[in-house]
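Note sheet for the following structure.
FYI, side chains are in, hydrogens and waters are out, and symmetry mates aren't considered; it's all heavy atoms of this structure. First the proteins, then the strands, lettered A, B, ... as listed; each starts at 1.
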2 protein chains.
Amino acid sequence: MIRLLLAEDQAMIREALATLLGLEPDLEVVAEAGRGDEVLPALEAAQQAGTPVDVALLDIEMPGLDGICAAEQAHARYPGLRIVILTTFGRPGFLRRAMEAGASAFLVKDAPAAELADAIRRVMADERVIDPDLAAAALADGNNPLTSRERDVLAASAGGATNAEIAARLFLSEGTVRNYLSACIQKTGTRNRAEALTLARAKGWL
Amino acid sequence: MIRLLLAEDQAMIREALATLLGLEPDLEVVAEAGRGDEVLPALEAAQQAGTPVDVALLDIEMPGLDGICAAEQAHARYPGLRIVILTTFGRPGFLRRAMEAGASAFLVKDAPAAELADAIRRVMADERVIDPDLAAAALADGNNPLTSRERDVLAASAGGATNAEIAARLFLSEGTVRNYLSACIQKTGTRNRAEALTLARAKGWL
DNA sequence: ACGCCCGCATGACAGATGTCATGCCGCCGT
DNA sequence: ACGGCGGCATGACATCTGTCATGCGGGCGT
């Protein structure tokens, strides 16, 4: 019996997935989390209850902590735990980060449901499960060209934030903000901050 | 036995929901669609197969046609069909549009799974199912203040499109684009196009 | 020690964005 | 007929964004 933890913020989806997986004779959902920062506590609780989790299924976009950060924490604390990342968007940067975080599988929600149970069984057999096209895209994409600070500033530009606002928020001068954004624009090969942000998000660089 | 159609572009989620609903003794998923423009044909096929759909569950954000437009078409063609809109974001403008399109229920995926089956049974009993908080927000929000053309131009500004690009795309002069965007910015009470776009999207106005 | 990279900053300037005033046309309701 | 609204446009101008040059300090690897 493979014991699973399921982390997904949308309750309806989480429960539907739990039901689907619960129908498999060799799978059992023993823990659930609706936020990224509930993953570690849930793993702890399952351990304490005598039903240690074998495989954690983590959505990426969750409140409290994103699934990849949660994977890092979980992997550090429970080295034997297998991690399957589940995501809406197969962004290459996410794939890269997920692998670095110790994930054994990376699945997009566009895949057929049968692939989920299959992936779980394969990671239990110490396999890696990644879509070959996505892996190729991630490798072709090269590394995220943005420095840490550039990412901060680009992320802060979302929603129409002015340079003055970004500067105040990140304790920088406006000129520095303009320089960082200009660097982001050039590194991403785009024409303005909005386009740079759109592309960086699509690539999973932020 | 209530016969259902399920329209949701993410295969894994759709199948999980179909499994969940299929476990209810009085519900049966007789049709599925992965794109908005497959909804009508799927309804047609179910009708032809002698298993006419009673309730259509439509996700909003789907390729080919959004769920609300699909609802409009389905409602026009099958007046007796009940429509339940399922969405990730409870945007007031979406709620308003869904109701206008003939939907009988509007559910967010954050809701517990039990609410889905419950909503299906209630709309079969000719009830309306809407979260009271969401309804209040939609009523408090007032109407979408943007004209059709303003919405076109604001939507076209996404992703960093320049005024010249928007103008070329919508067959306008750049000055007209600037005027329309300025109007959007003022009507939304924001400071620039990016913020106007962010807010209009959050409200379900686009 | 030196070179590179990152973070941060100033300053000058070109171009894009946003505001405002104004005006024409067509449609619709009164 | 008239007024209001939406769509479209021109023109002037203020402000914001983006580019470039330059420079300082600190950390790291060779």
Side-chain angles (χ1 to χ4, degrees), chain A residues 93 96-97 100 141-206, chain B residues 93 96-97 100 141-206:
Chain A
R96 188 182 292 266
R97 279 181 59 214
E100 284 164 7
D141 251 9
N143 294 327
N144 181 344
L146 305 176
T147 68
S148 172
R149 211 55 176 145
E150 283 161 359
R151 294 200 296 274
D152 289 346
V153 172
L154 186 57
S157 75
T162 63
N163 291 337
E165 284 176 331
I166 298 166
R169 185 161 148 200
L170 300 182
F171 307 103
L172 301 171
S173 74
E174 277 190 49
T176 299
V177 168
R178 296 208 300 274
N179 281 333
Y180 278 133
L181 287 173
S182 183
C184 289
I185 290 163
Q186 288 177 47
K187 286 182 176 179
T188 51
T190 58
R191 293 152 320 157
N192 51 54
R193 67 184 59 189
E195 199 178 344
L197 183 65
T198 301
L199 184 136
R201 276 179 170 162
K203 298 243 185 213
W205 284 343
L206 298 178
Chain B
R96 188 183 291 266
R97 279 181 59 213
E100 285 166 7
D141 251 6
N143 294 327
N144 182 345
L146 306 176
T147 67
S148 171
R149 211 56 175 144
E150 282 161 359
R151 294 200 297 274
D152 288 344
V153 172
L154 185 58
S157 75
T162 62
N163 291 339
E165 284 176 331
I166 298 167
R169 184 161 149 199
L170 300 182
F171 307 104
L172 301 172
S173 75
E174 276 188 51
T176 300
V177 168
R178 297 209 298 276
N179 280 336
Y180 278 134
L181 287 173
S182 184
C184 289
I185 290 162
Q186 287 176 48
K187 287 183 179 180
T188 52
T190 57
R191 290 150 321 154
N192 51 55
R193 65 183 60 188
E195 198 178 346
L197 182 65
T198 300
L199 185 137
R201 276 180 171 162
K203 298 245 187 212
W205 285 344
L206 297 177

Looking only at side-chain N and O atoms, does B:Asn163 come under 4.0 Å of OP1 or OP2 in C:dA16?
no
C:dG18 phosphate, OP1 or OP2, under 4.0 Å from B:Gln186 side-chain N/O
no
Can you name the closest pair of heavy atoms from B:Ile166 and B:Arg193 and give their distance?
CD1-NH1, 4.2 Å
State, to 0.1 Å, how close B:Cys184 and B:Leu154 come at their nearest heavy-atom pair, and which atoms those are.
SG-CB, 3.9 Å
Would you indicate whether A:Arg191, at its atom CZ, is surrounded by more than 12 heavy atoms from other residues, nucleotides or ligands within a distance under 6.0 Å?
yes
Close side-chain approach of [X] to [Y], heavy-atom, < 4.5 Å:
| X | Y | value |
| --- | --- | --- |
| A:Arg97 | A:Asn144 | no |
| B:Trp205 | B:Thr188 | yes |
| A:Lys187 | A:Leu146 | yes |

Under 3.5 Å: donor-acceptor pair, side chain of B:Asn163, backbone of B:Arg178:
no
May I ask you to decide if B:Asn179's main-chain N or O and B:Ser182's side chain share a donor-acceptor pair within less than 3.5 Å?
no
Provide, to the nearest angstrom, the distance between the [atom1] atom belonging to [X] and the [atom2] atom belonging to [N].
| X | N | atom1 | atom2 | result |
| --- | --- | --- | --- | --- |
| A:Arg191 | C:dA16 | CZ | C1' | 12 Å |
| A:Ile185 | C:dA16 | CD1 | C1' | 12 Å |
| B:Asn192 | D:dA14 | CG | C1' | 16 Å |
| A:Asn143 | C:dC5 | CG | C1' | 16 Å |

Which ones in residues 144-154 of chain A lie close to DNA chain C, meaning a heavy atom under 4.0 Å from one of its atoms?
A:Thr147, A:Ser148, A:Arg149
Please list residues of residues 164-184 of chain B whose heavy atoms come under 4.0 Å from any atom in DNA chain C, ordered by number; otherwise none.
B:Arg178, B:Asn179, B:Ser182
